[in-house]
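Since the structure is predicted, the reported quantities are computational estimates derived from the model, not experimental observations. Note on naming: letters A, B, ... go to the chains in the order of the sequence lines (proteins, then strands), and numbering restarts at 1 for each one.
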Number of protein chains: 2
Amino acid sequence: MLSSACQYGLRAMIYLAQQPGDAYLPVRRISSTLDVSHPFLAKILQQLVVKDLLVSLRGPSGGVKLARASTDIRLNDIVLAIDGQKVFDSCVLGLPGCGHRRPCPMHEAWGELRSNFCSMLEETTLAAFAERTEVGGFRLTPM
Amino acid sequence: MLSSACQYGLRAMIYLAQQPGDAYLPVRRISSTLDVSHPFLAKILQQLVVKDLLVSLRGPSGGVKLARASTDIRLNDIVLAIDGQKVFDSCVLGLPGCGHRRPCPMHEAWGELRSNFCSMLEETTLAAFAERTEVGGFRLTPM
DNA sequence: TATATTGAGGACAAGAGAGTCTTAATTCAA
DNA sequence: TTGAATTAAGACTCTCTTGTCCTCAATATA
């Protein structure tokens, strides 16, 4: 459903939203906390910088931080920035051009499930999600 | 969500369920109707033969046909045979071991959507699906 | 029995996604 | 001003899925 890159991106963004203060956080710190490859995560976060979801600073005490308040970033923004629109309009049977006008047999049932998923991503802010993560004691890391 | 192989397999099985009579249907016929590569589809259908969802016969007037009544095959059987169990217990954030005991932040919301999807696959028989496909005028082919 | 037709099976090629590595550019701090 | 820390950028490798190709085995039919 979501690519690995997108999964890493989401986890990193949630982690960043949990940080107090306004300091830059080195990517290396994030990657070691989440236990993912540093160069790979760096490349992913770079995409989020380009899409204006993160800002970055080079040099000592540099790193990345959220470009705006976590209450103003939705999970959907992150997924779109990394995986693009295709997640949202793919057909379960892989038929090109499947849609309301020429549906495949699964279109209706799948469409409903998918739109529920999309709604969740669109409605949930990063702030809400980070808080739920902390309060619920949920984890972002494999270990 | 589903691999291309699985998508092709589902489309082929629906197409087979729509055939009247009990004759073997050559894979070549199926592949050209669905407009997918013949060798690739052959390999996929072979898996379904091994899993006893199809029976095959070589030689002239050979081909494949459903191993049992389409009322006795569920979409779930096909997905399991091709993509395996991993479709059903994957974590949205890709965390290994994510589950009730150690959930990731998305576990609950995603779990519900996924279990709806699974229920649909488990409850829908190939017969019901093929009929809906014909009655609704839905399509299996790209063109 | 001869032959054309079909699936079975394996080796191979192409593509995408995942992940690594190296070098350059930037910036803080001593 | 020098050096260390850090992101930026691109080339590269690996692996898995997708897809192709060729040969072999089976079998219905003439």
Engineer: Quick check against the 3.5 Å criterion: does R139(A) have a side-chain atom that pairs as donor or acceptor with the backbone of P103(B)?
Structural biologist: no
Engineer: State, to 0.1 Å, how close M13(A) and L66(A) come at their nearest heavy-atom pair, and which atoms those are.
Structural biologist: CE-CD2, 3.7 Å
Engineer: Can you find a side chain N or O atom of S3(A) that sits less than 4.0 Å from OP1 or OP2 on dG17(C)?
Structural biologist: no
Engineer: Give me the atom names and distance for the closest heavy-atom approach of R11(B) to L93(A).
Structural biologist: CD-O, 3.8 Å
Engineer: If I take atom CZ in residue R28(B) and atom C1' in nucleotide dA4(C), what distance separates them, rounded to the nearest angstrom?
Structural biologist: 14 Å
Engineer: Output the rounded distance in Å from CD (Q7(B)) to P (dT18(D)).
Structural biologist: 9 Å
Engineer: Taking Q19(B) for the side chain and Y15(B) for the main chain, is one N or O donor matched with an acceptor at less than 3.5 Å?
Structural biologist: yes
Engineer: Between protein and nucleotides 20-30 of chain C, map the contacts as a letter string: B base, S sugar-phosphate only, - none, heavy atoms under 4.0 Å, written 5' to 3'.
Structural biologist: BB---BBBB--
Engineer: Take the protein atom CD1 of I44(A) and the nucleotide atom C1' of dG10(D), then report the distance between them rounded to whole Å.
Structural biologist: 16 Å
Engineer: Identify, between S4(A) and L45(B), the residue whose nearest nucleotide on DNA chain C lies closer to the 5' end.
Structural biologist: L45(B)
Engineer: Within the structure, does a side-chain N or O atom of Q46(A) lie under 4.0 Å from either OP1 or OP2 of dT7(D)?
Structural biologist: no
Engineer: How close or far is atom P of dG17(C) from atom CG of L2(A), stated in whole angstroms?
Structural biologist: 14 Å
Engineer: For DNA chain D, which residues of residues 81-88 of chain A approach it to below 4.0 angstrom with any heavy atom?
Structural biologist: none
Engineer: Using whole Å, what does the distance between atom P of nucleotide dT5(C) and atom CZ of R29(B) come to?
Structural biologist: 13 Å
Engineer: Would you indicate, yes or no, if dG19(D) has its OP1 or OP2 atom less than 4.0 angstrom from a side-chain nitrogen or oxygen of Y8(B)?
Structural biologist: yes
Engineer: Quick check: does any side chain N or O of K65(A) sit under 3.5 Å from a backbone N or O of A23(A), one acting as donor and the other as acceptor?
Structural biologist: no
Engineer: For L54(B) and dT6(C), what is the distance between atoms CG and P respectively, to the nearest whole Å?
Structural biologist: 17 Å
Engineer: Would you say CD of E131(A) has more than 12 non-hydrogen atoms from neighbouring residues, nucleotides or ligands within 6.0 angstrom?
Structural biologist: no
Engineer: Between R68(B) (side chain) and I73(B) (backbone), is there a donor-acceptor pair under 3.5 Å?
Structural biologist: no
Engineer: Rounded to the nearest Å, what distance is computed from the CD1 atom of residue I30(B) to the C1' atom of nucleotide dG7(C)?
Structural biologist: 12 Å
Engineer: How long is the line joining CG of L41(B) and P of dT17(D), in whole Å?
Structural biologist: 18 Å
Engineer: Check for a donor-acceptor pair, side chain of R74(A) on one end and backbone N or O of L121(A) on the other, with a separation under 3.5 Å.
Structural biologist: no
Engineer: Looking only at the side chains, is there a donor atom on one of D35(B) and T141(B) sitting less than 3.5 Å from an acceptor on the other?
Structural biologist: no
